[in-house]
Undergrad: 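Handing you this structure, nothing more for now.
Note that this is a predicted model, so its numbers are computed, not measured. Side chains are part of it too, since the values below use all heavy atoms of this structure and drop only hydrogens, waters and symmetry mates.
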Amino acid sequence: PSETHTYGLARIEVITALVNALFMLIVIFWIIYEAIIRIKQHTVVDGGSVFIVATIGLFINILVAYMLSKSDHGHGHANLNTRAALVHVIGDLLGSVAAILAGAIIYVTGWMPIDPILSVVICGIVLTSVYRLLRESF
């Protein structure tokens with residue numbers, strides 16, 4: 001709280017977390033939509049390239065998740081907005097893991113449907129975290 005913000009800036013924290021969660025919902029449904037299209041159209045994917053790019057992304061996402069998890073400034077708990085950002089990064093991290101797995105499977109077996117299938121599985125996992133975040137921010 002301050003003289004100009006008698007309730008502090010907690011409302012901004014909640015609104016930002018809500019916007020982040022809503023954005024994640026849009027991304028989740030967009031990925032599911034794209035996955036369905038890729039399954040129907042039998043899209044060809046270069047497994048080796050997917051594996052390399054996803055591995056780089058995984059390391060970056062681990063670093064960002066670590067930094068966000070340490071951003072509580074010694075309080076022992078992160079604010080709602082930081083947790084919302086962490087949910088977003090964890091979703092990206094899981095997506096990287098799924099892409100690494102899909103890239104390896106495609107490279108070894110040539111089975112293309114694994115990429116959109118794993119995308120939908122990861123969306124389901126992230127959706128539960130987004131739901132909790134939405135419920136808390138409302």
Side-chain angles (χ1 to χ4, degrees):
S2 67
E3 291 181 23
T4 57
H5 301 99
T6 55
Y7 287 99
L9 298 174
R11 290 183 187 151
I12 292 173
E13 175 187 330
V14 171
I15 290 170
T16 305
L18 177 63
V19 168
N20 192 349
L22 291 173
F23 177 73
M24 285 297 297
L25 272 179
I26 291 167
V27 169
I28 286 169
F29 289 116
W30 177 63
I31 290 171
I32 292 170
Y33 172 77
E34 288 292 324
I36 292 168
I37 289 173
R38 287 185 4 230
I39 287 172
K40 287 181 179 180
Q41 294 179 349
H42 306 288
T43 306
V44 177
V45 177
D46 178 17
S49 297
V50 169
F51 183 86
I52 291 168
V53 172
T55 301
I56 293 168
L58 176 65
F59 287 118
I60 292 169
N61 285 316
I62 288 171
L63 176 65
V64 172
Y66 175 77
M67 292 168 58
L68 282 172
S69 69
K70 295 298 181 187
S71 67
D72 66 0
H73 305 295
H75 296 108
H77 64 283
N79 67 36
L80 185 61
N81 194 33
T82 303
R83 289 196 333 251
L86 189 57
V87 165
H88 192 113
V89 171
I90 295 298
D92 288 347
L93 191 146
L94 290 172
S96 293
V97 170
I100 288 169
L101 184 58
I105 291 171
I106 291 168
Y107 185 78
V108 172
T109 68
W111 190 54
M112 298 295 166
I114 190 65
D115 185 40
I117 290 170
L118 288 177
S119 295
V120 171
V121 169
I122 296 303
C123 285
I125 293 169
V126 173
L127 188 60
T128 59
S129 296
V130 169
Y131 172 75
R132 278 183 261 147
L133 185 62
L134 277 171
R135 192 177 67 208
E136 189 173 343
S137 56
F138 273 118

Undergrad: Could you tell me the separation between the CG atom of Leu22 and the CD1 atom of Ile15, rounded to the nearest 0.5 Å?
TA: 11.5 Å

Undergrad: For the hydrophobic clusters of this structure (ILVMFWY residues joined by side-chain heavy atoms under 4.5 Å, transitively), does one cluster hold both Leu118 and Tyr33?
TA: no

Undergrad: If you compare all heavy atoms of Ile122 against all heavy atoms of Ala98, which two are closest, and at what distance to 0.1 Å?
TA: CG1-CB, 3.5 Å

Undergrad: Which residues pass the ring-ring contact (aromatic ring centres under 6.0 Å, His included) test with Tyr107, not counting sequence neighbours?
TA: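 Residues passing ring-ring contact (aromatic ring centres under 6.0 Å, His included) with Tyr107: none at all.
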
Undergrad: May I have all residue pairs that pass side-chain hydrogen bond (donor to acceptor under 3.5 Å, both in side chains) and include part of residues 126-138, sequence neighbours excluded?
TA: Arg83-Glu136

Undergrad: For Asn20, check side chain to side chain contact (heavy atoms under 4.5 Å, CB included) against everything at least two apart and list the hits.
TA: Met24, Ala84, Ala85, His88

Undergrad: Other than Ile31, which residues form its hydrophobic cluster under the rule that side-chain heavy atoms must be closer than 4.5 Å?
TA: Phe23, Val27, Trp30

Undergrad: With sequence neighbours excluded, tell me which residues meet side chain to side chain contact (heavy atoms under 4.5 Å, CB included) with Ile90.
TA: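 For Ile90 the side chain to side chain contact (heavy atoms under 4.5 Å, CB included) partners, ignoring immediate neighbours, are Ala65, Leu86, Leu94.
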
Undergrad: Starting at CD1 of Ile114, measure out to OG of Ser119 and round the result to the nearest 0.5 Å.
TA: 9.5 Å

Undergrad: With a 4.5 Å cut-off on side-chain heavy-atom distances among I, L, V, M, F, W and Y, is there a chain of contacts connecting Ile125 to Val89?
TA: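 In one cluster: yes.
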
Undergrad: Quick one: which residue pairs count as a side-chain hydrogen bond (donor to acceptor under 3.5 Å, both in side chains) with a foot in residues 40-53, not counting sequence neighbours?
TA: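 Matches after skipping sequence neighbours: Asp46-Ser49.
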
Undergrad: Is it the case that one hydrophobic cluster holds both Ile37 and Ile28, taking links as side-chain heavy atoms less than 4.5 Å apart, direct or via other members?
TA: no

Undergrad: Quick one: closest heavy-atom pair of Ala21 and Leu133, and the distance?
TA: CB-CD2, 3.8 Å

Undergrad: Sort and list the pairs that fulfil side-chain hydrogen bond (donor to acceptor under 3.5 Å, both in side chains) and have at least one residue in residues 94-103, not counting sequence neighbours.
TA: Asn61-Ser96

Undergrad: Which heavy atom in Val120 sits nearest to a heavy atom in Ala35, and how many Å separate them?
TA: CG2-CB, 3.7 Å

Undergrad: Could you tell me which residues satisfy side chain to side chain contact (heavy atoms under 4.5 Å, CB included) with Phe138, sequence neighbours excluded, listed by chain and number?
TA: Leu18, Leu134

Undergrad: Can you sort out the partners of Ile56 under side chain to side chain contact (heavy atoms under 4.5 Å, CB included), two or more places apart, ordered by chain and number?
TA: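 In terms of side chain to side chain contact (heavy atoms under 4.5 Å, CB included), with neighbours along the sequence ignored, Ile56 is linked to Ile52, Ile60.
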
Undergrad: Using the salt bridge (charged side-chain N to carboxylate O under 4.0 Å, His left out) rule, collect all pairs that involve residues 112-122, keeping only residues at least two apart or in two chains.
TA: Arg38-Asp115

Undergrad: Linking Ile, Leu, Val, Met, Phe, Trp and Tyr by side-chain heavy atoms under 4.5 Å, what else ends up with Leu93?
TA: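 Leu93 shares its hydrophobic cluster with Phe51, Leu58, Ile62, Val97, Ile100.
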
Undergrad: Please list all pairs meeting salt bridge (charged side-chain N to carboxylate O under 4.0 Å, His left out) that have one or both residues in residues 121-131, counting only residues at least two apart or in different chains.
TA: none

Undergrad: Among the clusters formed by ILVMFWY side chains lying less than 4.5 Å apart, do Val45 and Ile32 turn up in the same one?
TA: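 No, no single cluster joins them.
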
Undergrad: Kindly determine whether Ile106 and Val50 satisfy side chain to side chain contact (heavy atoms under 4.5 Å, CB included), including the steps that lead there.
TA: CA-CA 9 Å; Ile106 291 168; Val50 169; 5.9 Å; no

